[in-house]
Student: 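Dropping a structure here in structure tokens format, bear with me for questions.
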Amino acid sequence: MSTVRARAAGVTSHRLFWPLVVLVLLLVANAVYRPSFLSIELKNGHLYGSLIDIVRLSAPLILVALGMSLVIATGGIDLSVGAVAAVAGAVACLYISEQPDQNSLGVVLTAVALGFGVALLLGAWNGILVAGIGIQPIIATLILMVAGRGLAQLIAEGQIITINSGPYKVIGVGHLLTLPFAIVIALAVTLLVAVLTRRTALGMIIESVGGNAEASRLAGIRSRRITFLVYVVSAACAAIAGFMMTANVSSADGNAVGLWVELDAILAVVIGGTALAGGRFYLGGTVVGALLIQTLTTSVYAMNIDPQTSLLFKAVVVIVVCLIQAPAFRARFRRRRSVPVTPVEPVGTEKEQVPA
Amino acid sequence: MTTTPLAARPGRAWWRVPPRHVPVLATAALLLVMYSIGVAQYQAFSNIQVVFNVFIDNGFLLVVAVGMTFVILTGGIDLSVGSVVAMTAMVSASLLGNGLHPALVLVIALLLGPILGFAMGCVIHFFDIQPFIVTLAGMFFARGVCTWISTTSIPITDGFWTSAAQHRIHLGENFVSVGALIAVAVVAVAAAVLAYTRLGRNVYAIGGNQQSALLMGLPVGRTKIAVYTISGLCSAIGGILLSFYTLSGAPLIAVGMELDVIAAVVIGGTLLTGGSGYVFGTLLGVLVLSIIQTLITFDGTLNSWWTKIVIGGLLFVFILLQRLVGIRTK
Amino acid sequence: MSERHPVLTMTAISKIFPGVRALDGVDLRLFPGEVHALMGENGAGKSTLIKVLTGVYGTDSGTITLDGDEVSFSGPMQATAAGVSTVYQEVNLLPNLSVAENIYIGREPRRLGAVNWREMRRRAQELLARIDLHIDVSELLGNYSLAVQQMVAIARAVDIRARVLILDEPTSSLDADEVAQLMRIMRQLRDDGIAIIFVTHFLDQVYAIADRITVLRNGRLVGEYLTSELPQIALVEKMIGKELDALERLDEATSGGDRATLEQGTPLVAADGLGRSGSVAPFSLTIHQGEVVGLAGLLGSGRTEVARLFFGADRADAGRLAVDGAPVAIRNPVAAIDRDIAFCSENRRTEGLVGELSVRENIILAMQAARGWLRPVPRRRQDELVQHWIKALSIRPADPEMPVRNLSGGNQQKVLLARWLITEPRLLILDEPTRGIDIGAKTEIQRLVAQLSDGGMAVLFISAELEEVLRLSHKVAVMRDRQLVTELTNDDSLDAARVMQVIASGSSQEGSVPA
Amino acid sequence: MAKTGITLTRRGLGAMLAVGLLAGGLAGCGNSDTGGDDKSGGSGNGKLVMGFSQVGAESGWRTANTNSIKESATAAGIELKFDDAQGKQENQIKALRNFIQQKVDVIAFSPVVESGWDTVLKEAKDAKIPVILTDRAVDSADKSLYKTFIGSDFVKEGKLAGEWLVKEKASAAGPVNIVELQGTTGAAPANDRKKGFAEAIAANPNLKVVASQSGDFTRAGGKQVMEQFLKANPKIDVLFAHNDDMGLGALEAITAAGKTPGKDITIITVDAVKDGMQALADGKFNFIAECSPLLGPQLMDLAKKVKAGEEVPARVETEETTFTQEQAKAALPNRKY
């Protein structure tokens, strides 16, 4: 009996418990509004349904948020991810659009490699500003957030680059074994990042740098190198997200691709339990956070909430999630659990007192 | 019994600038350089009205940045400012449109921002949630209120508002607007509050070390809530100034303004970690941003995307120089 | 004396934290005009008792009376207002504000509602002059040494018209001179009728100043004694709970070191004119395998700076460094670690441990860093190492997955030591490894140092406690005003008084004085 | 020719950056402005100087608009001072003030929003600088603040789209379910097109908008919203998108859902950019109400007339039309943007 309660308490105090509850509640609300919301069917050999849409649409956000998790774990922040996604997408689409055979796999791979390369350069730029010159991350990445948008537009000369490339389109809307390819990519990158950080010592070292940079340096960690690295990884993730977003609509729009995605990503990371101050990071939490945010957006469309009030609706849900996730908030509404007290060993000597 | 290490004071000569003033002075110097470049390149730039215009055009930004300075000095951040500015302008416009007395509208509009700020401060303090997230939610909320009121921009035709907007206070051949004067007044009041009131000193104390401040018996919670309320108030004043400036309330106005404001505060030498910085620095930061923009407009040949790239580039050069100057003097 | 009434009594105080009874029926009496030492090992409940007293924690049972009235403070603020002020070990002031503000913030002199800066500076100057501190009060506090900051903290506490002043390990960051000055201030305050609770690990200081001692152990009261009636050895027994002559035994353990054999061969590390402008003047120092070199000097004399140059934590801008006779450039910690040099910083919290990470992760951090992130230490090997060192150093609680910030200071120090010991360094630099930790842990660490050097490890040992330096070192290098003034061989003729004399005068008759 | 503008600028700003980098180089500025003369404001060289403040570069349409203005300015021998407001009214007002400072001959701008221009327009009037509005109107009560307006009528575009639909579905027996993809919530074209469309379809009670959401004027937004529309509404007959881009995004969602755009669902959009025209010609769209960005030549004509003191009409509408699938096929080869 008490173990059951203790286990239940263990579950509710898990950092993902409340985000998951809200996620489920949102899905239930959708299902009540329209029962078919939860149904998944096989159409033309592809899984089809709102749930699949949510996961597919959250794929770019998951990617960006993964990189953001690592950056935030080092105590930094990367505001430039949206712009980087736009640049990477624009570079790839521009290259494809200039080739005679847009459907050639080689062309697409070259395009992706080009976009990826440019993104890595941009990530390195951020890394140098933060780790090399020591500019505060929020300002350092703000520079690229502004200039990167301009860069994306410069590449496309202010136009939307429309492409007609089958292989490229696959990144956004293709399918693999009935699953949307975007989901597969997001899953693969998540696994890759997880393996990269948790199967090696990278994760611990990142957490160490974020937890205490000076102590890490004195322990022999090349803190700057790690800081530099996370910004590059973040840009790489953003680039993949950028390919996905542009492939989704077969066009690159320097203005619209990844607009405000940085705020969503930061929100996803925080909902996932990673503190903005740096230190411990939780990739699983980040993924749940991203899914929650996309579910929120999709719910607005699926339940046809008036666009005029949809922002309020989102704000309220975000506030609720953040509140119930805060330990201090829950503490006020939770009965105090009784704690078993371990008796201390008795002290042999008697109490002595001397006269004053 | 006095020993040398105890009595020794950190060396200081009259000509040496205290290190804490270096960022602000560096900003001021760089600002001068930029202004000189403008004057050298464009004839009309030397006109004094250009300087006044900077204040006229950035009054609301300045006021909001002052509020943000309070928040950042405590080590927090307030992302909701842009939305609160828009919300205030929207509420004013819509209430005026409904024929409410302007004085009453002014009171209501000036209350909304502080109330939201107070609420966010309470959540940050009592529930110990990161300011970034709380104010991000506040940003969504206030923007939501804007579109909820109306999706279209609402013109203001009220007599008081239009006269406040269009009245020109002449200084010789040139003029400033009412809004610019209010903004300058807010800067002065804020500087005085920070330097000469307990609240102001407590703001610095919390930014220095919140734990210590608590142990020293300072009202940490109250001060934290106060700075978000102040930021809300400044955003509300900024919203009123913006509604003077545009004589309307538009749901999408001031989108992304929070980033401009944060940039201005940081360029002005205030540390994002808190505890160090001045309102005067923030004033300089706002001036820097607006001079960059003025330079670009005067140039008048920049493409849309080049505008962004050049803004980013100038921002970079500026921060880099500031950083280099800072390192050298250390 | 018996007709005096205590200004403060705490009766049958109990405090329970989840899983542990931190205080169990503890009593404390405090009389005006006395210095009352609160003694006990780490985890005995001293800090908890003080936090209960000042209202940081609520009590689970028991009463507190101040001047005969029962009180219950809701926090330090209220306690201060009622005349109970605390000065903490880690100076809890605001480095970003001026000295004057640090004293008066929260109750600044005002005129017409505005802070009167001139008046505030004047008062601060006066107040500090009373305790013989003559500094520029408009300068930022952070620009002064820890000792000065501590004095300022006391000045602030005193000026709040405290009747009860709690000094929580105020001397752990101070050197001998500064301690003496602090003691003078304490006596002055005591004579003014202030009751002082003095928490410290330094027995000498207790016997120098305390009138009365209360001993806690494992959250319980052992007893209250008059200092004059309690011999030191008895006090230690009461704190530790068993007969202990560890200190004596340790002396035997180290006496076997043979200097002549140690000095043979190439020195392990040799600094030749190594220096860094603005930090420490060029110095020369050699350390041989199996040798313990003590670094003595006042706080701020450049001890830590020397250590940091050896480790590459700061970059030297003058001189040469040779390891095993071969010149090397140690520009950063990574280079030092490559050459088997390890460094335990004096600031465990800011430069040592990563509080959020677990004990295990903190222990393997340096080893992992040396291997690079691509080659993680296998989990089984980690567990083995960590288990071994938790046991060897008796780190408590013995839970490798507990966040290290939840450990007490002494145990954190051991974790930091373990981090470096698993890398099997040839030179171990220890900067104040025993500061702020209890006697038991201190002895353990001292014994460990002796063992390590017997096993062939070279140790550079920095401590403000001369006794400790003398007990462990083969030779003592003395620092003064950021210069290494002399090296003294630690033979039978060397004692604390002699080292003190060198520190004070800056010269010695027999030692060579490097330029 | 727009390219020269860019290079010139890059050189100018490059000089600025270089001077900035010298940090102490206050003295250095004096000789760095070799190209300064022709950039200074005023019309000393007799050339007409026009200050133009653009909304931003938020869409291909807008970029086409900008290019049209730049090219025709060069062609007409007018010196153009171009400023991008990046979608912010604040920026635009600042730009106008700076134009006034520089004493340009004519100010033209596309207002970000309709309201809130009186103050700065008065200043322009006091400085005796004529103002021409392009693309969007302002709601100033005092019509003397600006000389003329040239541009499209968003309400009319919505109306044209609606009227075509009413005609097309005149014979429909049952209810016709319409879904609407709105532009960015709060943006003027979104508000007006929605309004015009609603007015027009009121003529037939069978026509019913069953869902209306914002797709932010982007392809991704249009696609994402359409996906949910398709799942939430079993029977969608008509899609009205406030611009081509959202319609193009929705196309993909419709195809993915196994429906044929243009047949199963009638698609109406606004703008007529090249990609949209292509879709129309391919039979994927059914109707586009044009919103022409090419108002540069007309604008330059007006500017010259205004400067010369000639009378100009208070409102000049750009030449624009509507396209059906057949018309699109014919027009597509000559499409410039």
Side-chain angles (χ1 to χ4, degrees), chain B residues 30 32-34 36-37 40-44 47 49-50 53 56-58 60-61 146-147 151-157 162 165-166 177 242 245-255 290 293-308 310 313-314 317-318 321 324-325, chain D residues 2 5-6 8-10 12-13 16-17 19-21 23 25-26 29-30 32-33 36 39-42 51 54 56-57 62-63 66 80-84 86-91 93-95 97-99 101-103 112-119 122 139 141 184-188 190-191:
Chain B
L30 289 172
L32 265 179
V33 170
M34 272 187 156
S36 314
I37 292 170
Q41 291 253 331
Y42 313 106
Q43 281 171 13
N47 194 331
Q49 186 63 39
V50 169
N53 279 353
I56 295 172
D57 293 332
N58 294 288
F60 59 97
L61 189 69
C146 289
T147 55
T151 53
T152 57
S153 81
I154 307 171
I156 295 174
T157 49
T162 38
Q166 292 169 353
S177 68
L242 187 63
Y245 187 65
T246 65
L247 275 182
S248 65
L252 292 182
I253 203 154
V255 167
S290 68
Q293 210 173 21
T294 309
L295 279 175
I296 287 170
T297 317
F298 266 76
D299 184 79
T301 54
L302 280 189
N303 230 321
S304 302
W305 34 95
W306 275 109
T307 304
K308 288 179 188 170
V310 168
L314 287 178
V317 168
F318 199 87
L321 285 177
L324 291 179
V325 172
Chain D
I6 297 173
L8 222 175
T9 299
R10 265 185 276 183
L13 282 160
M16 276 164 56
L17 294 191
V19 171
L21 277 166
L26 259 169
C29 324
S32 71
D33 60 337
K39 282 200 210 165
S40 56
Q54 179 62 285
R62 186 64 63 189
T63 307
T66 302
L80 184 71
K81 288 208 166 279
F82 178 81
D83 180 81
D84 183 325
Q86 317 210 11
K88 292 184 188 172
Q89 185 183 17
E90 315 78 289
N91 289 355
I93 297 179
K94 286 174 204 171
R97 283 230 162 77
N98 284 328
F99 289 148
Q101 265 323 298
Q102 296 186 71
K103 303 194 170 62
V112 175
V113 292
E114 294 146 26
S115 313
W117 301 98
D118 292 14
T119 314
K122 269 202 182 102
D139 62 3
T184 309
T185 312
N191 295 332

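Owing to the predicted nature of the structure, the values given are computational and were not obtained by experimental measurement. So that the names make sense, note that chain A is the first sequence line, chain B the second, and so on, each numbered from 1.
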Student: Decide yes or no for D:Asn98 and B:Phe298: does some side-chain heavy atom of the first lie under 4.5 Å from some side-chain heavy atom of the second?
Tutor: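 In contact.
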Student: Can you confirm whether D:Gln89 sits close enough to B:Ser248 that some side-chain heavy atom of one is under 4.5 Å from a side-chain heavy atom of the other?
Tutor: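 D:Gln89 reaches B:Ser248 side chain to side chain.
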Student: With no hydrogens and no angle check, do the side chains of B:Gln293 and D:Asn91 hold a donor and an acceptor under 3.5 Å apart?
Tutor: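 Yes, side-chain donor-acceptor contact under 3.5 Å.
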Student: Please look at B:Ile154 and chain D and tell me whether the side chain, the backbone, both or neither of the residue comes under 4.5 angstrom of a heavy atom of that chain.
Tutor: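 It is the backbone, since no side chain atom gets that close.
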Student: Counting heavy-atom pairs closer than 4.5 Å to chain D, which one of B:Ala254, B:Ser290, B:Gly249 comes out on top?
Tutor: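 The residue among B:Ala254, B:Ser290, B:Gly249 with the greatest pair count is B:Ala254.
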Student: Measuring heavy-atom distances to chain D, does B:Thr147 have an atom under 4.5 Å in its side chain, in its backbone, in both, or in neither?
Tutor: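 The side chain, not the backbone.
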Student: Measure distances from D:Lys122 to the heavy atoms of chain B and classify the residue's part below 4.5 Å as side chain, backbone, both or neither.
Tutor: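 Contact with chain B is through both the backbone and side chain of D:Lys122.
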Student: Measure B:Ala165 against the heavy atoms of chain D and call it side chain, backbone, both or neither at under 4.5 Å.
Tutor: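 Both parts, backbone and side chain.
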Student: Quick one: does D:Thr184's side chain get under 4.5 Å of B:Leu252's, heavy atoms only?
Tutor: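 Yes, at least one pair of side-chain atoms sits under 4.5 Å.
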Student: Can you tell me how far apart CD1 (B:Ile296) and CG (D:Asp83) are? Round to the nearest 0.5 Å.
Tutor: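 Rounded to the nearest 0.5 Å, the CD1-CG separation comes to 8.5 Å.
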Student: Are the side chains of B:Thr297 and D:Lys94 in touch, meaning some heavy atoms are under 4.5 Å apart?
Tutor: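 No - every pair of side-chain heavy atoms lies 4.5 Å or more apart.
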Student: Find the distance between CD (D:Glu90) and OH (B:Tyr245) and round it off to the nearest 0.5 Å.
Tutor: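 D:Glu90 CD to B:Tyr245 OH: 8.0 Å, rounded to 0.5 Å.
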Student: Name the region of B:Pro251, side chain, backbone, both or neither, that has any atom closer than 4.5 Å to a heavy atom of chain D.
Tutor: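 Just its side chain gets close to chain D.
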Student: When you look at D:Lys88 and B:Val255, which way does the side-chain contact (heavy atoms from CB on, under 4.5 Å) test go after all the steps?
Tutor: CA-CA 8 Å; D:Lys88 292 184 188 172; B:Val255 167; 5.9 Å; no
